[in-house]
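The figures that follow rest on heavy atoms only: side chains count, while hydrogens, waters and symmetry mates do not. A note on names: the letters A, B, ... follow the listed sequences, proteins ahead of strands, and every chain is numbered from 1. It should be emphasised that the depicted structure is a prediction, and the values quoted were computed from it without experimental measurement.
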Protein chains: 2
Amino acid sequence: MQNLRNIDKQSMLSQDLGELLTEAIVQGVIPQGSKISEPELARRYGVSRGPLREAMLKLEGIGLVERIPHVGARVVELNCQQLLDIYTIREPLEGMACRLAAERLTQRQLNELHDLLEHHQQYLDDNHGEAYFDQQGDFDFHYRIIKATGNQRLVTLLCDELYHLLRMYRSTSARQHARPKRALQEHWAIWQALNDRDGELAEILMRRHISRARKVIEQLSSPDS
Amino acid sequence: MQNLRNIDKQSMLSQDLGELLTEAIVQGVIPQGSKISEPELARRYGVSRGPLREAMLKLEGIGLVERIPHVGARVVELNCQQLLDIYTIREPLEGMACRLAAERLTQRQLNELHDLLEHHQQYLDDNHGEAYFDQQGDFDFHYRIIKATGNQRLVTLLCDELYHLLRMYRSTSARQHARPKRALQEHWAIWQALNDRDGELAEILMRRHISRARKVIEQLSSPDS
DNA sequence: CTTCAAGTGATTGTCGACAATCTAAAGGTA
DNA sequence: TACCTTTAGATTGTCGACAATCACTTGAAG
């Protein structure tokens with residue numbers, strides 16, 4: 001009864017390795033574009049090459065590394081174009097997530113979202129400007145809406161795959177959320193629509209929210225014209 | 001089937017295995033819900049368990065099999081709810097794909113799409129009713145639009161992951177596209193919008209197209225109310 | 001007869017080793 | 001000097017083998 005952790009979650013070595021490596025790559029410990037040597041990583045983590053290769057396969061599926069047969073694996077280099085592509089996917093997907101969430105969110109979940117936004121608001125009003133909580137709060141808001149859809153495949157797709165890439169970009173790029181107050185306003189508007197059970201409006205607002213963030217990135221990447 | 005390694009010397013064994021197994025599962029050769037024994041499959045394909053496990057990892061990433069640590073892998077059982085979830089994801093994603101394609105399709109690609117639809121139309125008018133071409137033409141239309149977006153991640157997501165599940169469902173279910181003529185009409189309308197470079201309308205039409213197909217499935221799954 | 005415990009057989013996860021292949025440095029030729 | 005070939009080194013892909021774990025049978029107790 002005390003070692004509950006060992007019962008409910010059988011840990012595979014390759015699975016744990018996958019999560020470790022994911023965090024290492026997302027946080028920039030393993031820099032973008034760097035080559036990944038299987039023997040070296042295997043020695044560092046004290047495992048054989050078998051589980052490590054399986055973990056790499058999983059990372060490749062997420063899109064964090066790219067593998068070339070007989071050559072090896074490299075951490076993906078996330079240029080602006082690829083980031084824009086991700087936002088292009090996020091926009092309609094999270095819009096649909098909002099539409100679904102408007103029907104399925106419980107009152108309790110809505111209240112928790114409200115508290116989250118107020119907490120976030122207070123931090124910004126106090127002018128802390130701590131980017132960490134800013135990003136954390138931002139992601140948290142989106143995560144909760146997505147998970148409320150009850151569409152497991154949608155949750156996996158967004159939270160377990162695409163968002164790793166976003167976190168990687170934000171942790172390695174100096175840019176820290178260029179417009180936190182505006183973004184929070186948009187979050188409030190989305191919450192209002194969700195609270196009114198207006199799925200159609202919530203979808204539009206979320207799409208605009210992501211589309212605007214995408215435009216900011218677009219202007220940063222090509223400041224000319 | 002034994003000389004798998006002679007197919008292409010430059011590709012990896014696990015990669016070829018992944019494609020073979022994907023086809024076998026999609027076409028129902030390996031039935032839904034069946035347990036997958038690593039030693040048995042390894043013997044059948046004349047390879048070791050290493051590459052086979054790596055192929056299974058890839059299939060798990062696509063969502064064709066489910067693995068439980070220390071228990072094994074099973075081919076996923078695609079119930080109606082999961083199929084509805086997939087359509088829920090397809091609707092906004094392919095809508096966005098249409099919006100993008102409206103800007104990027106070349107005149108040549110538009111003409112090819114036109115020929116494809118006319119070919120399809122002729123088959124239906126001749127009352128062949130051959131479900132195979134019907135499905136093939138349907139998928140082909142959607143594939144071409146998606147690939148015209150130029151968003152590689154979107155292409156991979158839809159064509160290399162979600163569509164395998166759709167093909168699996170259609171090949172194992174007796175239902176053969178309940179409304180081929182109506183669907184073709186909607187394809188024509190989408191093509192018209194694409195040809196007019198009206199991305200906004202093309203997106204709406206594609207969303208409606210997929211949403212209607214989803215409703216058909218929804219009614220089949222729960223005929224009451 | 002039902003239920004639970006131990007044992008047996010098979011399967012999974014992991015490891016170390018070997019062949020095929022790629023990378024990079026050394027050396028020869030125009 | 002520039003370019004091509006060769007060669008040594010390291011890395012990747014694959015294989016067979018062993019320990020850990022699970023499923024199923026057997027058997028005994030209530």
Side-chain angles (χ1 to χ4, degrees), chain A residues 1-22 24-25 30-31 33-62 64-77, chain B residues 1-22 24-25 30-31 33-62 64-77:
Chain A
M1 193 66 75
Q2 46 195 1
N3 43 2
L4 189 80
R5 187 181 51 183
N6 293 346
I7 293 177
D8 68 343
K9 192 172 185 179
Q10 278 283 1
S11 67
M12 271 195 308
L13 207 45
S14 62
Q15 201 163 325
D16 299 339
L17 256 180
E19 296 170 7
L20 277 183
L21 289 177
T22 296
I25 290 177
I30 305 178
S34 64
K35 186 170 187 324
I36 291 182
S37 166
E38 292 182 2
E40 178 190 340
L41 267 192
R43 276 197 306 273
R44 182 182 305 178
Y45 286 99
V47 297
S48 174
R49 277 180 52 220
L52 188 133
R53 281 177 63 87
E54 295 190 356
M56 298 300 302
L57 260 289
K58 201 147 195 169
L59 293 201
E60 187 190 17
I62 298 178
L64 287 176
V65 303
E66 290 171 342
R67 287 166 29 113
I68 301 177
H70 296 101
V71 173
R74 309 191 79 89
V75 179
V76 68
E77 279 189 275
Chain B
M1 190 170 289
Q2 295 275 344
N3 327 357
L4 193 65
R5 51 171 54 79
N6 292 343
I7 292 179
D8 186 359
K9 290 182 180 177
Q10 291 187 352
S11 71
M12 281 190 299
L13 207 47
S14 63
Q15 201 163 324
D16 300 338
L17 257 180
E19 296 171 7
L20 278 182
L21 288 177
T22 297
I25 291 177
I30 306 177
S34 63
K35 185 172 187 323
I36 291 181
S37 166
E38 291 181 3
E40 179 191 340
L41 268 191
R43 275 196 307 272
R44 182 185 305 180
Y45 288 100
V47 298
S48 174
R49 277 180 53 220
L52 188 132
R53 281 177 63 87
E54 295 190 357
M56 297 300 302
L57 260 290
K58 201 148 194 168
L59 293 200
E60 186 189 18
I62 297 177
L64 287 175
V65 303
E66 289 171 343
R67 286 166 29 114
I68 302 177
H70 296 99
V71 173
R74 309 190 80 89
V75 180
V76 67
E77 277 190 277

(message) Using a 4.0 Å heavy-atom cut-off, does I36(B) contact any base of the nucleic acid, only the sugar-phosphate backbone, or nothing at all?
(response)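 I36(B): backbone/sugar contact only, no base atoms under 4.0 Å.
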
What is the distance, rounded to the nearest whole Å, between atom [atom1] of [X] and atom [atom2] of [N]?
X: M12(A); N: dA19(D); atom1: CE; atom2: P; result: 21 Å
X: R74(A); N: dT12(D); atom1: CZ; atom2: C1'; result: 15 Å
X: I68(B); N: dA20(D); atom1: CD1; atom2: P; result: 23 Å
X: E54(A); N: dT14(D); atom1: CD; atom2: C1'; result: 14 Å
X: L57(B); N: dT14(C); atom1: CG; atom2: P; result: 11 Å
X: H70(A); N: dA20(C); atom1: NE2; atom2: C1'; result: 6 Å
X: E60(A); N: dT12(D); atom1: CD; atom2: P; result: 14 Å
X: L52(B); N: dG16(D); atom1: CG; atom2: P; result: 14 Å

Considering only [options], which nucleotide approaches the side chain of [X] most closely?
X: E38(A); options: dT11(C), dT14(C), dT12(D); result: dT12(D)
X: L13(B); options: dG13(D), dT14(D), dC15(C); result: dT14(D)
X: R49(A); options: dG13(D), dT14(C), dT14(D); result: dG13(D)
X: S48(A); options: dG16(D), dT14(C), dC15(C); result: dC15(C)

(request) Measure from the side-chain N and O atoms of R74(A) to the backbone N and O of G33(A), and report whether any donor-acceptor pair falls under 3.5 Å. (result)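 Yes, R74(A) side chain to G33(A) backbone: donor-acceptor pair under 3.5 Å.
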
(request) Could you check V47(A) against V71(A) and say which one's nearest nucleotide on DNA chain C is further toward the 5' end? (result)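 Checking each residue's closest nucleotide, the 5'-ward one belongs to V47(A).
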
(request) Find out whether L41(A) and L21(A) are in side-chain contact, i.e. whether some heavy atom of one side chain is under 4.5 Å from a heavy atom of the other. (result)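 A side-chain contact under 4.5 Å exists here.
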
(request) Please examine the side chains of L17(B) and M56(B), heavy atoms only from C-beta on, and report whether any two atoms are closer than 4.5 Å. (result) no

(message) What I want to check is whether an N or O donor and acceptor connect the side chain of R67(A) with the base of dG13(D) at under 3.5 Å.
(response)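 Side chain to base: no pair below 3.5 Å.
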
(message) What verdict does the side-chain contact (heavy atoms from CB on, under 4.5 Å) test give for R53(A) and R67(A), after you've listed the backbone C-alpha separation in whole Å, the side-chain angles of each residue and the deciding distance to 0.1 Å?
(response) CA-CA 11 Å; R53(A) 281 177 63 87; R67(A) 287 166 29 113; 4.3 Å; yes

(message) Is there a side-chain contact between R53(A) and the phosphate of dG13(D), meaning an N or O under 4.0 Å from OP1 or OP2?
(response)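 Indeed, a polar side-chain atom of R53(A) lies that close.
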
(message) For a quick test of reading the model: is some side-chain N or O of K35(A) closer than 4.0 Å to OP1 or OP2 of dT12(D)?
(response)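 So the side-chain polar atoms of K35(A) do come within 4.0 Å of the phosphate oxygens OP1 or OP2 of dT12(D), strictly under.
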
(message) If the threshold is 4.0 Å, N to carboxylate O, is there a salt bridge linking E54(B) and K58(B)?
(response)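 Salt bridge between E54(B) and K58(B), a charged N being under 4.0 Å from a carboxylate O: no.
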
